[in-house]
Amino acid sequence: MGKPDLSRRKFMIQSALASMGIVAGPAFLQTVRAAEGKNRPLKAAFSNAGLQATWCAQGKDTVEQWGEWLGVEIHWYDGQLDVAKQRAAVDAMAAKDWDFVAIQSLSIGSLVEPVQKMIDKGIPVIAMDTMLAPWGKIKQHTFIAPDNVWMAEQVTQALVDAIGGKGNIVMTQGSLGHTGAQGRAQGFYNVVKRYPDIKVIDESPADWDVAKVAQLWENLLNRYKKIDAAFFHNDDMALAAYHVIKNAGRENEIVLGGIDGMPPAVQAVLDGKLHATARNSSARIHWGALVAGYYAAMLKEQPGKDIPEFILADGPAILPPSKEKTDKPWLLKGYGIGAGPGLLWQEKHFLA
Amino acid sequence: MANEPHDSPNPSGRWRTFLAKSREFAPVWTLLALILFFSVYSDSFLTLENAANILNQVALLAIMGTGITFVLLTAQIDLSVSYMATFAGVVAAYYTAGHLPQPWPIVAALLAAGALGWINGVGTARLGIPSFMVTLAMSLIASGLSLYLTRGRILFDLPPLSETLGSGRILGVKWLVIVAALTLLVGHLVLKYTRFGRYVYMTGANPKAAELAGVNTRGVVTAVMVIGALTAGLAGVVGIGRLGSATPTAFDGMLIDAIGAVVLGGTSLFGGVGGIPQTIVGLLILGVLRNGLDQVSVDIYMKTLITGVILLAALVFNILFAGRKEA
Amino acid sequence: MANEPHDSPNPSGRWRTFLAKSREFAPVWTLLALILFFSVYSDSFLTLENAANILNQVALLAIMGTGITFVLLTAQIDLSVSYMATFAGVVAAYYTAGHLPQPWPIVAALLAAGALGWINGVGTARLGIPSFMVTLAMSLIASGLSLYLTRGRILFDLPPLSETLGSGRILGVKWLVIVAALTLLVGHLVLKYTRFGRYVYMTGANPKAAELAGVNTRGVVTAVMVIGALTAGLAGVVGIGRLGSATPTAFDGMLIDAIGAVVLGGTSLFGGVGGIPQTIVGLLILGVLRNGLDQVSVDIYMKTLITGVILLAALVFNILFAGRKEA
Amino acid sequence: METTAPLLELHHVAKRFGGIQALSDIDFDVRRGEVHALVGENGAGKSTMMKILAGVIPDYEGEMVWQGRTVRLKNPRHALDLGIAMIHQELSVMPELTVAENIFLGRQPLSGGVVDWPRIFREAEAILAELGFAHVNVREPLERYPLGVHQLTEIARALTSGAELIIMDEPTSALSPMETRHLLELTRNLARAGKAVVYISHFLEEVTWVADRVTVLRDGRKIATLEAGATDKQELVRLMLGKEAAFFEESYMGGRTVVDRHAASEPVLVVEGLTRPRTFTDVRLELHPGEILGLYGLIGSGHFELGEAVYGLLKPAAGRILLEGRPVGVGPRRAIDRGVAYVPPSRRTGLFLEKPIYQNVTLPWLAQISGLVPQIPREVAVTDEVIRRVGVRPPDPLKEVVFLSGGNQQKVAIARWLVEPPKVFVVSEPTRGMDVGAKEEVMKILRELSQAGVGVLLISSEPETVLAASERILVMAKGRIVREFVGETVTKEQLLHAAAGELAEAR
Ligand SMILES: Nc1ncnc2c1ncn2[C@@H]1O[C@H](COP(=O)(O)OP(=O)(O)OP(=O)(O)O)[C@@H](O)[C@H]1O
Ligand SMILES: Nc1ncnc2c1ncn2[C@@H]1O[C@H](COP(=O)(O)OP(=O)(O)OP(=O)(O)O)[C@@H](O)[C@H]1O
Ligand SMILES: [Mg+2]
Ligand SMILES: [Mg+2]
């Protein structure tokens, strides 16, 4: 990818700020420009759950692109999907000096000590996706995250609508100990409990493991002759299950929904394989963290004063284009077109 | 060990033979007991469809397990098999996405796995590094290569052959099951009816004596590590077809189950004892256990616990039939 | 094995002694080489602070590794240690949240781990089930219990003692490191300077001969499995203090590193050879390797790969010093 | 006699292990059609020399000539390919595999490219029948059979290998006299058929009977090569030891007079009606303090198992074992604490080869020697004393057992029980693999122990061993005690007769 020209870069920054709900006054822009001129690249450290996960990989690419645009040197500390390994990585991170750091914790509370050490050194620490510690236990700079409950509610609602409010539904969970999964389960229940004719027939966890999903779903297909809908805690699991379901020739019977809105899943929605996914914007959270860190480092934004303690990285459910034909498209969700293609474009350009 | 008294308390020849046989077949009784157990507790368990299901589910483990049987028979271990499977799957998908003509992506995948297996073998047999450590390092290398090739993404372009073998059917039977059965069969024939197979047993039973009998034990160990890697690679190539995608961690989690199934069947970690028939029984025990628990309704928070308890019960049951062995 | 020729090419006595010594200390040279390597490639590596960091990071592994050393010395294995650690941490937090007065939650955690270890021991030593399988089942049981107690939630109420030992300092040194050092020390003294320790080695070297010499080998194996579980429990109780919470999978991922560190140091999986000093070196090698790679800038997608390659290089390096052993 | 050129020659061969010069400047040759015996003390270097011939030790000094061509063997396969097969002193069998497969280790016959199992079983049965072991089921794992069968499979393996040169390193150490006799005849037949055999044994009778020539080694040097017909045992012993020596086999050659001097005293050990299926039936015996009771039987007659039962290793189905009037109970620990000591028939079973001698010796006595905390210097001092008493060479308590020669390993197994003299000493095959000098030393030790009041149960399948020290002799066959010799003169032939009835003949 070639270097974008200056005006485009400005556009990017502005749209970034706008979409984060921060009113960017001219004074701010002036300072930002001045900072650009300063020529000292910022040094930032990021840690994520594990690059084996598509969501994290997408975030890393985003941060690197935006870091290049903003002149921030990024150092990556991979958690390798293992609490102890992430702790060691963040311990190593804390032994160095940074302009700011951003961390997606694998497990709430497991990184408190090194994070506290960095905060004590005056380094702004931005939490991404998962809380670093229960509220109040740590003075992080801000927390940028999706709303798991809400995303799950949207997708579940879409599934329930699609099957007409009654039938057998399956929820395939992530790992039971994962707070994101717990939020998604909560959102699922919030919706289904309002429909007495919906029966939850299975809610086994598959630990985010696609091989386990295949196994579990072969068994479910055998055990239940009628499954109307299935909600998955992420898209990877939904797509793996789709494959098994299709092999069993039951893809028309079961309506599937996932969460994350990663490109393959969005494409699957467009192709009609999945009925819905929710945008859990990896790119958005990551560049959001980068920009927040940038402001903290360059303009000394103070936590709780200049920047709120929580920034929602919201995302709508991605549904297929409406089948209704109407000359009043403004009355339909997403103008009847569906958010998919637009989202794909944004993802390709590290925006969402 | 020599001259050790053997406790065969019964004098009658026929009864003794029966007992000895039933001891040898202890895992089979355990398997039957498990099947009985789940048949009582679930009405969807004992169906033809579910039997087919169980076979599908153990098929990948069976392919890997064939290689692992060879490895364990020589008293080595391979902790890298599941990561090799993932890696081979990634390679096959990566080159398919890169438009290498078929079937070269699959050939590349198997070659790549074989090459890593050869390094395992050289490290173990020539350099004398404990296979536990070489293959541990190799698991990092294979897993690292998967991550590096995919850069964390999921690959959806698969070789058509993988798709067919992983998801297709022929005459109503899954190709996957046929591939697994053939792999086991070839493994069995090699172990039982070729000199190489006998060398594998000899090397595991007493490496020093095998060497004195003229066996190139280093060569055998090297070959066995390559076989372990190749079957893992095959499992990966077929497995991506089953999952419909290649992810950078797709089969990583199968390691313990794959080795566990082989050991459960009765192949010793200390070499020389066991074989493919044993591995098949072990695979089925594990397959029935995992499948059965999906067929009964249990509190999801208790499922792992119950799996563990039933597995432990099965092991104890096994011993009741087999009689106590050396600790 | 007997009468095997040994290649000591050099006739001079002193030089031979030196060589022999350097062979025994091969892992130490490997460790030094790794330290040198990272010192050259990173300026933040060779600092006092980072040294302290490495010690912190291997402390939990060291506590578990002490027990694993006992287990491996008797030619057994314990695949449940890391799950036991998680379980003990969960128990301690669970009863703290349940307002059991201190220090009873910690006592309960250790007792619970010890009890599971005892089951491991009975299954292995009395019933003769391969320890690989018993402890595999036990890993599911321990893990299932953790999940069941927490119902998947994270527990934040920790015993104050856990918090102190896990995160506190005394005279600038982390309690965690002190606990680890003491565990290793006690382990070393027991292995080297008690009768029981000698029994552990002899049981691993030749169980039949040990039995003939009057050693209660079943008792030794049972005891060793309990020790493995207790140190794992201790690691869990201290570990939750380090992490600030107890999650139902907190330490599960440490299994391979914990066993790997012990084997890396030179303790044999086949029993009778090794000890705590070896384990310490193995722990440090692993700690330096993992930490060092966090200190140098590498393409993060290559990190796992590089870790594997350096580990493999270290193993080969080790062998160059130690001379080839039996495959 | 230079009818044929030597099949194999060694010129100036030397080998050292670390500080030990195991062989120096050896010249040696074997011809087709001869049995060439090799004798020497324990540790003289016999096995080392043969391992060089068999490709097991590839790094040595000097030259080896095979059929006129200089060769340097790389590994055992190389030797086998040339036509050199060896029966190893340390059994190299695979107990988990079937008897048949053990015989065809490494050269399983093929038919159509696959292993020909029927042929393996057929030929295995044939060769075992020829060796007088028709009752062995070749389809069973070897581990179900006693040590003698293990040794036999190795012999059968070498015999069927088609090799030109067959090396036998103490092939008869676990065989009974009849089996030995079979083997010796087979060996002669091999030579007659044009093969060459190198035969190592500590039984000089066997040597003089079977060999055409005898080479004597001492301290790694060749002392002499003699025509077997022109020498005798006395001369061989003198050459082996380098001095005239009391030669213990002589002490009973005319038969041994056994006298029961202890019948009046309270027995220290009483076995009453001991029965165990397939092992022994209604065994009764009494052992008195200060007595050496010989228990003779052919392999498989249950006498070794009786020893195990006394030590608490085997639980009888019926009957009692009383030590000083009380049951000994189960398990070695209790037996040791009550004053029972036990040496198993196979040294591999009882020793920790990779561990230093002192740890092997002191393991049963850790509590007594140093309490809860082992004190190594005291252990070493205690060990030093006992291994000197039995004459372990080299007498270095810190040396690992694996580096000792076979006979010296056996001495370590005995030395362990001299730390605290037991009340009852059960020794199975105490002199297996020992040279004549060492055998006499062990017998001396047993006699000394008995004079100090220890009751010794001397169990063996070698008549010489039983005759060498026993004051009373019991003979077991098929799990029963069939004969007691007391107060009479017993000969080897009588023992064999008693043990095997009409089968027995002097070899
Ligand atoms: N692998 C080895 N390492 C060190 N020393 C050895 C080794 N093998 C043999 N020796 C030593 O070499 C010498 C000769 O041993 P060897 O086994 O050849 O004796 P041997 O004549 O066969 O005795 P025996 O009659 O007891 O079997 C002994 O001193 C022995 O301790
Ligand atoms: N791996 C082996 N090692 C040694 N002997 C073997 C081995 N496998 C089979 N045998 C022996 O070969 C004999 C014939 O084997 P074969 O497999 O033809 O018959 P089998 O006893 O019916 O076995 P199976 O039913 O398992 O095929 C058996 O009696 C067995 O003892
Ligand atoms: Mg058959
Ligand atoms: Mg010898």
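Lettering of chains follows the sequences in order, A, B, ..., and the numbering in each one begins at 1. The shown structure was predicted, so the numbers you read here are calculated from the model rather than taken from an experiment. Heavy-atom basis, side chains included; hydrogens, waters and symmetry copies ignored.
Of the listed residues (C:Arg153, C:Arg151, C:Lys303), the greatest number of heavy-atom pairs within a distance under 4.5 Å of chain A belongs to C:Arg153. Of the listed residues C:Gly239, C:Ser146, C:Ser167, the one with more heavy-atom pairs under 4.5 angstrom with chain A than any other is C:Ser167. Contact count against chain A (heavy-atom pairs under 4.5 Å) is highest for C:Gln57 among C:Glu49, C:Gln57, C:Arg290. Contact count against chain C (heavy-atom pairs under 4.5 Å) is highest for A:Lys60 among A:Met93, A:His75, A:Lys60. No other option in C:Thr249, C:Asn50, C:Asn53 has as many heavy-atom pairs under 4.5 Å with chain A as C:Asn53.
Applying the 6.0 Å contact sphere to OH of C:Tyr95 captures no more than 12 heavy atoms from other residues, nucleotides or ligands. Remark: A:Phe310 CZ is packed, more than 12 non-hydrogen atoms of other residues, nucleotides or ligands lying under 6.0 Å away. Within a 6.0 Å sphere centred on OH of A:Tyr189, heavy atoms belonging to other residues, nucleotides or ligands number more than 12. More than 12 heavy atoms of other shown residues, nucleotides or ligands fall within 6.0 angstrom of atom CH2 in A:Trp98. The environment of C:Ile170 atom CD1 is dense: over 12 non-hydrogen atoms of other residues, nucleotides or ligands sit within 6.0 angstrom. Within a 6.0 Å sphere centred on OH of C:Tyr94, heavy atoms belonging to other residues, nucleotides or ligands number 12 at most. Heavy atoms of other residues, nucleotides or ligands lying less than 6.0 angstrom from NZ of A:Lys139 number 12 at most.
Separating the CG atom in A:Asp82 from the CZ atom in C:Phe251 is a distance of 11.0 Å, to the nearest 0.5 Å. Distance check, rounded to the nearest 0.5 Å: CZ of A:Arg87 to CG of C:Leu243 gives 6.0 Å. With values rounded to the nearest 0.5 angstrom, C:Ile154 atom CD1 is found 9.5 Å from A:Met131 atom CE.
A donor-acceptor contact shorter than 3.5 Å is absent between the side chain of C:Thr247 and the backbone of A:Ser107.
The contact between A:Thr179 and chain C is made entirely by side chain atoms (from C-beta outward), counting heavy-atom distances below 4.5 Å. Using a 4.5 Å cut-off between heavy atoms, A:Ala133 does not touch chain C at all. Within the 4.5 angstrom heavy-atom criterion, no atom of A:Gln52 approaches chain C.
Ion pair C:Arg242/A:Asp91 flagged as a salt bridge, since at least one NZ, NE, NH1 or NH2 atom sits closer than 4.0 Å to an Asp/Glu carboxylate oxygen.
Within the 4.5 Å cutoff, side-chain heavy atoms of C:Phe156 are placed close to those of A:Ile108.
A:Ser110 and C:Ser245 make their closest contact through N-OG, 4.3 Å (heavy atoms, listed as atom of the first residue, atom of the second, distance). Residues A:Ala84 and C:Met254 approach most closely at CB-CG, 4.0 Å, considering heavy atoms. Taking all atoms of both residues into account, the shortest heavy-atom contact from C:Asp294 to A:Tyr77 is O-CE2, 3.5 Å.
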